[in-house]
Q: 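For reference, the structure I am asking about is given below.
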Amino acid sequence: MGLGLGLGIWWPTQTSIIPGLLKALCARATYCENKLCTTATLEEIAAVRYTAPVLPTGLLADYPGASAAYSLRNLIDTTTSVVRIRRSSDNTEQDFTASEITDGTLTTFTGANDGFVTTWYDQSGNGVNAVQSTAIEQPKLVSNGVVELDNGKPCIIWDNTNDRMQINTSYSGSNLLSIFSVYNKTTPNPSDDSAYLVFADASLNVPDGVLAWRNAAKIGAYRSGAHSVNGSIPYDAQVNSNFIYRSTQVDFYNNSTLIGSKTASNAIANFDYTFIQIGRTGGNTSFKNQELIIYPSDQSTNRTGIETNINTEYTIY
Amino acid sequence: MEILGYKYTTEQEAIDARKQCADYYGLPKTPEDETLYWVDYNTAELDTPIFWYITFDDSIEMILGTPETFEVTFPDTPII
């Protein structure tokens with residue numbers, strides 16, 4: 001109950017709350033900036049003076065510096081569209097976010113038809129999208145109104161005939177290159193001599209480097225007339241496959257296990273390319289692809305962290 | 001290597017054939033679209049004389065007609 005002082009002022013009889021009141025009064029201060037003054041609590045002033053930045057999250061935030069990064073998930077939370085799709089019914093194209101691939105938006109767009117990838121958007125911030133402007137050479141994400149999946153996650157299907165996508169980017173020879181990918185080399189037909197990634201200059205017929213599958217489930221780098229690595233890789237199995245090029249050695253990893261290393265000069269000679277192609281011009285390249293991240297640097301120290309991030313998403317091993 | 005397709009002696013003929021196919025399928029649908037062509041042509045740059053060709057696909061037979069078989073020389077390194 002309050003005690004009236006005859007002046008219309010209410011005063012608490014519970015004196016125990018007075019310290020709190022005084023504290024609140026003392027905590028108020030006047031803050032001036034640019035000749036404008038505001039009286040507020042210290043907490044309010046602090047909130048005005050400093051707003052903590054919202055930091056991006058995702059694989060590319062944790063492990064920055066990629067020169068190109070493609071996926072059907074968000075590799076960084078600032079990503080908007082991840083792919084552009086052409087529907088087979090009337091050739092209309094539309095961009096899609098990662099969530100729109102799986103929430104029915106994409107298949108509503110395609111109807112009971114096919115959806116082909118015209119653009120796989122680069123999430124690295126460098127704007128080097130993987131593109132294919134020729135319809136019959138575009139890989140496929142939707143078949144007969146159903147999103148293609150590998151191990152339960154959306155995947156892009158490269159056919160055995162002529163599918164490929166091109167990336168215009170340049171890289172000049174520090175011999176440091178790290179490639180992280182999620183793919184599935186599907187059963188070869190008619191040949192198992194096929195390329196996954198081609199690094200080239202002006203002419204694709206004279207590649208600077210090729211990551212390829214060859215003869216009896218071998219994967220390796222083709223360069224200067226020789227296949228330089230031949231670690232074993234299973235067909236028809238989703239793998240987290242990584243390649244670390246350093247100045248003196250190239251290491252190949254599958255599912256975080258080292259499957260081959262090479263120090264031969266033709267494997268590690270200066271990389272110098274202006275063009276990357278996913279898939280092979282001449283066909284014989286049938287595979288599924290879900291993710292491809294390229295760093296122009298040695299990511300050996302981050303390798304296990306990046307692999308863990310990838311495996312957390314895809315549950316490969 | 002033996003190729004089934006359509007062979008052209010000038011690049012302009014190959015460009016025209018590519019445009020015929022694109023027009024047939026209404027490409028590009030809008031200026032913003034990535035898809036410009038239905039099929040593309042290749043160059044047999046190691047052959048003498050050089051020629052240009054479009055590899056056969058079922059979807060272009062009604063546009064370009066009956067395909068033919070011809071030899072194309074590729075480099076010793078694998079075609080990529």
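The structure presented is a predicted model; accordingly, all values stated were derived computationally and were not measured. Every chain is numbered from 1, with letters handed out A, B, ... down the list of sequences.
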Q: Please flag which part of B:D40 lies under 4.5 Å from any non-hydrogen atom of chain A: side chain, backbone, both or neither.
A: both
Q: Salt bridge check: are A:K140 and A:D163 linked by an N-O gap of less than 4.0 Å?
A: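 A:D163 and A:K140: not salt-bridged.
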Q: Of the backbone (N, CA, C, O) and the side chain (C-beta and beyond), which part of B:T30 lies under 4.5 Å from a heavy atom of chain A, both, or neither?
A: neither
Q: Do we see a donor-acceptor contact under 3.5 Å between the side chains of A:N289 and A:Y70?
A: no
Q: I want to check something: taking the side chain as every heavy atom from C-beta on, are A:L197 and A:F243 in contact at a cut-off of under 4.5 Å?
A: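 The answer is no; the side chains never approach within 4.5 Å.
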Q: Ring centres under 6.0 Å, that's the criterion: do A:F287 and A:W158 meet it?
A: yes
Q: Can you say whether A:Q132 sits under 4.5 Å from chain B via the side chain, the backbone, both, or neither, judging by heavy atoms?
A: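 Backbone only.
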Q: Name the member of B:T55, B:D33, B:N42, B:V39 that forms the most heavy-atom pairs with chain A at distances under 4.5 Å.
A: B:D33
Q: Check A:E291 with A:R73, please: is the shortest side-chain N to carboxylate O separation under 4.0 Å?
A: yes
Q: At a 4.5 Å cut-off on heavy atoms, which part of A:N129 comes close to chain B: side chain, backbone, both, or neither?
A: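 For A:N129, there is no contact with chain B at all, as no heavy atom is under 4.5 Å.
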Q: Side chain, backbone, both or neither: which part of B:L27 has an atom under 4.5 Å from a heavy atom of chain A?
A: side chain
